[in-house]
Amino acid sequence: MTLQQLKYVIELSKHNSISSAAQSLSISQPSLSMAVKELEEEFHITILNRNHRGVSFTAQGLDFLRFARSIIEQTSRLQTYFDRSAGRQDKAHLTIAAHYDIFAADAFTSYLQTLSGDAYSLSLHEGRTGEVIRQVAEQQSQIGVLLMSPRTTAYNHAVFTKHNLDFTGLKTVSPCLYVRSAHPLAQSASVSLKDLVSYPHVKMKRENTNNYLSEELLPDIRSEKEIQVTDRNTMFSIIKNTDAYALGACRLPQGICCDGICSIPIHTANTLTVGWIHLKGISIAPECRHYLEWLEHCLQASQPDPD
């Protein structure tokens, strides 16, 4: 198997015939057919169905195509990461996967502001717990920032062990309520869970049925009205324009996308742990450590002032 053969298979997926794919690749039709046949023989599978109407991928072929795309994508990342041409040796490179809560984005913005005119390549992938774990385990992100409740800690650590990941806790935080500035609860010094029962609760949609990878920050909360969304911008838009509320790990920073929304401490014994994961045996780049310093700073600044 060669990378070139994998690229041929990927190109074939864009066409319904070997001849048109070969033309696009600027190779002969027999050469393309031979490349596919060699892969089929090597892996003892049938990649293509061939008939007078053209070609189509078999079930095995579709599985092979998925792996081929992943390998070529990873190869591209590898080439980009170690590209030493055009004087880019000192280019800052940072890829972060993070829980969708606002603190990770706040730290990312603060880190970005320190780079001034330097060349850099930065990436922040926000997602749910399982997605963050997958991103780091598959080396698509250098580190992952996670938020865990006591109920999910044991299970998550078992998942970390399974995927050869190390977890480092940064701070124990108390959850906050996010509401619009004109919300009936907006002037409260703190709220209890009972205060929230009659208001709509906006929360992130679960990624699967696994309760231990749930995005619930306070699993005991009860609401008569529930709204599920898949991104933070939609969540904040709903909060700004209705009496709905959301839960977060920290006070909202000023700016970013938080204008018109206020944070209120929740009176609860439940606490949350913010930490980060990385793949064991992989050294932590200076850019990652710089980002983590900003993350700790933002977490410290986002906690409610002591009484």
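Every heavy atom of this structure was used, including side-chain atoms; hydrogens, water molecules and symmetry mates were not.
- Two residues are said to be in side-chain contact when any heavy atoms from C-beta on lie closer than 4.5 Å; F57 and I47 meet this criterion.
- Counting heavy-atom neighbours within 6.0 Å of K37 NZ, excluding the residue itself, gives a total of 12 or less.
- In this structure, M1 and E38 have side chains that are not in contact, with every pair of non-hydrogen atoms separated by 4.5 Å or more.
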Taking it one step at a time, do H15 and S24 satisfy side-chain contact (heavy atoms from CB on, under 4.5 Å)? CA-CA 9 Å; H15 305 269; S24 176; 3.7 Å; yes
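- Note: M148 CE to F167 CZ = 3.5 Å, rounded to the nearest 0.5 Å.
- Between I27 atom CD1 and S33 atom OG the span is 8.5 Å, to the nearest 0.5 Å.
- Atom CD of E138 has more than 12 heavy atoms from other residues, nucleotides or ligands within 6.0 Å.
- Nearest heavy atom pair, residue L272 against residue P175, reads CD1-CB, 4.1 Å.
- Crowding of Q187 atom CD: a count of heavy atoms from other residues, nucleotides or ligands under 6.0 Å not exceeding 12.
- When all heavy atoms of G127 and V132 are compared, the pair lying nearest together is O-CG2, 4.0 Å.
- Ring geometry, F160 versus H157: the interplanar angle exceeds 60°, so the pair is classed perpendicular (tilted spans 30 to 60°).
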Where do R69 and I10 land on the side-chain contact (heavy atoms from CB on, under 4.5 Å) test, with the steps shown first? CA-CA 7 Å; R69 284 173 170 160; I10 294 171; 4.0 Å; yes
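- Judged by distance alone, with hydrogens and angles left aside, the side-chain atoms of S26 form no donor-acceptor pair with the main-chain N or O of A22 at under 3.5 Å.
- Aromatic ring centres of H201 and Y245 lie closer together than 6.0 Å.
- Of the residues listed (E293, H297, E287), the one engaging Y111 in a side chain to side chain contact (heavy atoms under 4.5 Å, CB included) is E287, and it is the only one.
- Looking only at side-chain heavy atoms (C-beta outward), D106 and W294 stay at 4.5 Å or farther from each other.
- Between the side chain of T58 and the backbone N or O of T46, at least one donor-acceptor pair lies under 3.5 Å.
- When side chains are defined from C-beta on, Q29 does not count as touching L32, because their heavy atoms never get closer than 4.5 Å.
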Evaluate side-chain contact (heavy atoms from CB on, under 4.5 Å) for I18 paired with R50, printing each intermediate quantity in order. CA-CA 9 Å; I18 292 180; R50 302 165 176 83; 4.3 Å; yes
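- How far CG of L6 is from OG1 of T75: 8.0 Å, rounded to the nearest 0.5 Å.
- Between F108 and V145, the closest side-chain pair of non-hydrogen atoms is not below 4.5 Å.
- Heavy-atom neighbours of H125 NE2 from other residues, nucleotides or ligands within 6.0 Å: above the threshold of 12.
- A salt bridge is absent between E296 and K171; no separation between the charged side-chain nitrogens and carboxylate oxygens falls under 4.0 Å.
- The line from NZ of K7 to OG1 of T2 is 9.5 Å long, rounded to the nearest 0.5 Å.
- Taking CG of L177 as the start and CG of D195 as the end, the distance is 9.0 Å to the nearest 0.5 Å.
- The main-chain N or O of V136 is never found under 3.5 Å from a side-chain atom of S141 such that the two would form a donor-acceptor pair.
- No donor-acceptor pair under 3.5 Å is formed between the side chain of H163 and the backbone N or O of L165.
- Side-chain contact between T273 and L147: absent, with no pair of heavy atoms (C-beta onward) separated by less than 4.5 Å.
- Side-chain atoms of R180 come within 3.5 Å of backbone N or O of T242 as a donor-acceptor pair.
- Here the straight-line distance linking atom CZ of F236 with atom CD1 of I261 works out to 5.0 Å at 0.5 Å rounding.
- For Y100 (side chain) and T230 (main-chain N/O), no donor-acceptor pair under 3.5 Å exists by modelled atom type.
- Remark: F67 CZ is loosely packed, at most 12 non-hydrogen atoms of other residues, nucleotides or ligands lying under 6.0 Å away.
- Heavy atoms only, all atoms of each residue included: E40 and L48 are closest at OE2-N, 3.3 Å.
- Here the closest non-hydrogen pair linking A186 and C262 is CB-SG, 3.9 Å.
- Between I266 and S174, every side-chain heavy-atom pair lies at or beyond the 4.5 Å cut-off.
- Taking 4.5 Å as the limit, some side-chain heavy atom of I133 sits within range of a side-chain heavy atom of L146.
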Take I227 and K225, measure what side-chain contact (heavy atoms from CB on, under 4.5 Å) needs, and give me the verdict at the end. CA-CA 7 Å; I227 305 166; K225 306 167 186 176; over 6 Å; no
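- In the hydrophobic clustering, M34 connects to no other residue, as no ILVMFWY side-chain heavy atoms lie under 4.5 Å from its own.
- For the pair A244 and I239, the tightest heavy-atom approach, listed with the atom from each and the gap, is O-CG2, 4.0 Å.
- Here the shortest heavy-atom pairing between L295 and A107 reads CA-CB, 3.5 Å.
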